[in-house]
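Structure first, then comments.
Every chain is numbered from 1 and lettered A, B, ... according to where its sequence line falls, protein lines coming before strand lines.
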Amino acid sequence: MADGTLYLVDGSGYIFRAFHALPPMASLDGTPVNAVFGFTNMITKLLADAGSDRLAVIFDAARVNFRNDIYPDYKAHRPPAPEELVPQFALIREATRALNVPCIEMEGYEADDLIAAYAAAEIAEGGKVVIISSDKDLMQLVRPGVTMLDPMKNRHIAEPEVFEKFGVTPDKVVDVQALCGDSVDNVPGVPGIGPKTAAELINLYGSVENLLEHLGEIKQPKRRETLENNRELALISKQLVSLKADMPLPAPLTDFEKRMPDTAVLRPFLERMNFRSLVGKVDRGELGKTVGGRPGSAISAAGAPDLFPAAVEAPKVAAPAIAQTYELVTDLATLDKWIAAAMQAGVVAVDTETTGLDASAADLIGVSMSVAPGLACYIPLGHRSQGGLLAEAPPKQIAMQEAVDRLRPLLADEGVLKVGHNLKYDMVILARHDLTVAPYDDTLLMSYVLDGARNGHGMDELSDLHLGHKTITYEEVCGKGKTQISFAEVPLDRALAYAAEDADVTLRLHSLFKRRLIEEKQVQLYERTERPIVSVVALMEDTGIRVEPDVLRRLSHDFGTRAVEMEKKVHELAGRAFNLGSPKQLGELLFGELGIKHGGKTGKTDNYSTASDVLEPLAAEYPIVRAVLDWRQITKLKSTYTDALLTQINSRTGRVHTSFGLAGTSTGRFSSSDPNLQNIPTRTEEGRKIRSAFVAPEGSKIVSVDYSQIELRLLAEIADIAALKQAFADGIDIHALTASQVFGVPLDQMDKDTRRKAKAINFGIIYGMSAFGLAANINVSQSEASSFIKAYFERYPGIKAFMDARKEEARTFGYVETLFGRRCFVPGIADKNPARRNFAERQAINAPIQGTAADIMKRALGRMPQALAEAKLNAKLMVTVHDELLFEVPEAEIETTIAVARRVMEGAHDGKVSVPLVAEAGIGNSWAEAH
DNA sequence: AACGTCACG
DNA sequence: GACGTACGTGACGTTT
């Protein structure tokens, strides 16, 4: 059968070596690709080499395999792959497919095992094998007909080279390795026996087993004793290092005939990777061929039957209507087929269906997956029978646990990119089934990075907008209002149509957005700032924060009785009863009946304004106004906080789980809802009592770490104001400095009120203030405010230049950019209406500052879990409030946690900010104490 | 659903 | 000189 040498490439081994050996390189979008380049180059040479007739690349399918069953710590000390390497795992598989080379991997086996199996099969056929690898673990395979080739040094490895390395012939390599162990793979070996001694012993006794039988003959007493005491370890080690060649071959040897890559597939890939020399080769006809070699053929070579021959070519046809091939998965064989298809595709869109919108309370009902455009499946897992009392039998579906166990390796496979739309939600759901998702892309965040506030990012909207396809809506499937049913009650055919379509659309959007991110130079922002936070925030939401219901109940009661008293008092002072909660009635009473001079009317309804900034100046003179404001404060606290939070405590966890909005704001900030934990009171004494209900469990404390004046620091940086930058570098009180500059008061004679006004000016600058606004804020005349602003601009002329530049930027591009390249769209910047235009201009001034602060917080957040894990800390992230992170920390770890958190936060700008960023920490039993 | 108000950074 | 008056959020109660 064999008609020439078989080349087996150790893809997994190669990628690590190439990564460390080659200088950094980047693709068009900035993704590191040095290992991908080395790989592509090497395969290219093999394809050109007339001596190689058959070729396959073999990868590790997952980290955990049968060796972990024998010895749980196997490869346990492996550090996580470097950040620059991670994206290259998927790309190297993409490269293999683009090169039209069979790509082999198999769940539960390492690449080395598969190589051993194929080498054995080929030798049995009488053929010859060259293993492209320098991995010493593969040297045991060297024998007549099997050699190795070190791809980096271009050095052949045959029996003499193996003997040089191990001091034994290849057939005894496993015995030597078993004795001396391997610190890299965490193979224990026998303590105190190194490579030299091991070789000596094995050359004497032939094998580990024979050595153990003849321990009595060992002369050195110490050596004899350790061998005696570590018999088991030696035998286990031998099992660990012995390659397992007896699995069924995922693809027959005959599939490995060398084929030339299709230039229509290869060239775009090389272009994207920015491998110009190779593109040149293609163009000169030295690489690939333009006809035949259909791109999907690698899929069939990888072992599974060619599942969907038509669909693989579907994307080439630009049909406006979406062809849909959707399959319901109700048995394990079909599920396995789809999992295999996902593995081979290297990218799969995933979507979960649940009982509700609140991820912390919803249950999993089903999972949909899409592996190619138009090709998707739905796996029902928690569907119930229909028809209420006269229920039929529940529909046939795979048992939850079985499906979950099948999906686990796929979702965790580092070579398969999982794509979701709002994956944070799915991650929270899946986490409760012990499922982790990595690596991943999120089309919600891709869309957000690309289009910000220009459009919404719901899937229905995006499908219509970008694909011209109207999706089935949730309402169409489940109904709405009172008659709405749970997804668990949806008939399976309807569920399939809806759920599979969601996965399908997600995958299509993904390829579209991926291209746009590259073209619009937003890849860095997406990959470094946005994408990493998805799993972190999912974990935060899942963690939640403990809230003490008794504290809230006490406060609710207290606020309630006081509100009743205050309302009574207001009614007495008014001389009649009315609805105090109605601004309309209140305004008519105060400014109509009682004749108090009013501050102004509200915008649309032409009512008197009763807002607190209108009422506050009147409170000293009119007791009723004071009473109204007091009542307002107390009822606000009760209805919005103490009452509402009580209903939000999750009965399963006893904690409150907010939902963070990752793609809603115009500046890049998060939002928080259901409940909003970003506006828990802190400014007043009464309000702060609510924070005392947020507590840490016994043995832990709440730690709050927040950025000190980050927006002012970023203003100094972005507007490049030397004096302000210097002040921050020197640690000078920035508000006092502004006071001395604007009001001429020397720093050492600063009084509190002057400083307070200066602080308002500093904040006003960030918001693009007017003299009117400043005057209202610090209670001075408009002309005084005007002169303060004038003085400020004279002292810091760069500020004015910065503001003008941002307005100009917004007019030219329609958006302003943060330091990290986030685009904040500013609608209305060219509006004819000056009010709307002025508003847009203020947004243009504020957005780069607020947005850059948000970028920095996101980067800190994205790195925090790993930083904590590396320091072996158990602190849990719970909440982020724009410039603050809240942790729950075991008491013994508080100091170290604070040090790590501060280091990560202060360094999150990655050198992009020259002004020092400072993070400060507070500790307490409750959020009130920690803040 | 829109509005006014008010809690936070 | 017009226009309205400090940026970004979410939740509640009232009114339409």
Indicate, with a heavy-atom threshold strictly under 4.0 Å, whether A:N676 touches base, sugar-phosphate, or nothing.
sugar-phosphate

Taking the side chain of A:R842 as its heavy atoms from C-beta onward, which of C:dC7, C:dT15, C:dG10 lies nearest to it?
C:dC7

C:dG4 to B:dA7 separation - P atoms, rounded to the nearest Å
27 Å

For A:F772, ring-ring contact (aromatic ring centres under 6.0 Å, His included) partners two or more places apart:
none

Verify the distance criterion only: is there a donor paired with an acceptor across the side chains of A:S360 and A:H657 at less than 3.5 Å?
no

Base, sugar-phosphate or nothing for A:Q843? Non-hydrogen atoms, less than 4.0 Å.
sugar-phosphate

With sugar-phosphate meaning primed atoms plus P, OP1 and OP2, does A:F763 contact a base, only sugar-phosphate, or nothing at under 4.0 Å between heavy atoms?
base

Within the 4.0 Å heavy-atom criterion, would you say A:T635 contacts the bases, only the backbone, or no part of the nucleic acid?
nothing

Applying a 4.0 Å non-hydrogen cut-off, can you work out what A:D706 is touching in the nucleic acid: base, sugar-phosphate, or nothing?
nothing

Taken to the nearest whole Å, CD1/A:I845 to P/C:dG8 is 11 Å

If the C1' atom of C:dA6 is compared with that of B:dA2, how far apart are they to the nearest Å?
24 Å

Which one, C:dC12, C:dG8, C:dT15, comes nearest to the side chain of A:Q585?
C:dT15

Taking any atom closer than 4.0 angstrom to a non-hydrogen atom of chain A, what span of DNA chain B does the protein reach, first nucleotide to last?
B:dC3 to B:dG9

Quick one: label A:S770 by what it contacts on the DNA or RNA (base, sugar-phosphate, nothing), any heavy atom closer than 4.0 Å.
base

Is there a side-chain polar atom (N or O) of A:Q678 under 4.0 Å from OP1 or OP2 of C:dA11?
no

Across the strands shown, which category fits A:R632 at heavy-atom distances under 4.0 angstrom: base, sugar-phosphate, nothing?
sugar-phosphate

At less than 4.0 Å, is any side-chain N or O atom of A:N579 found next to OP1 or OP2 of C:dG13? Yes or no.
no

Checking all strands, does A:A775 fall into the base, sugar-phosphate, or nothing category for heavy-atom contacts under 4.0 angstrom?
nothing

Would you say the rings of A:F788 and A:Y792 are close, in the sense that their centroids are separated by under 6.0 Å?
no

Look at all strands and tell whether A:N777 reaches a base, only sugar-phosphate, or nothing, counting heavy atoms closer than 4.0 Å.
base

Look at all strands and tell whether A:A854 reaches a base, only sugar-phosphate, or nothing, counting heavy atoms closer than 4.0 Å.
nothing

Could you check whether A:I766 gets within reach of a base, just the sugar-phosphate, or nothing at all, counting any heavy atom under 4.0 Å?
nothing

Pairing of DNA chain C as dot-bracket, 5' to 3': ( ) intra-strand, [ ] crossing, | other strand, . unpaired, with Watson-Crick or G-U pairs under 3.5 Å?
......|||||||||.

Using the C1' atom on both, measure B:dC6 against C:dC3 and round to a whole Å.
26 Å

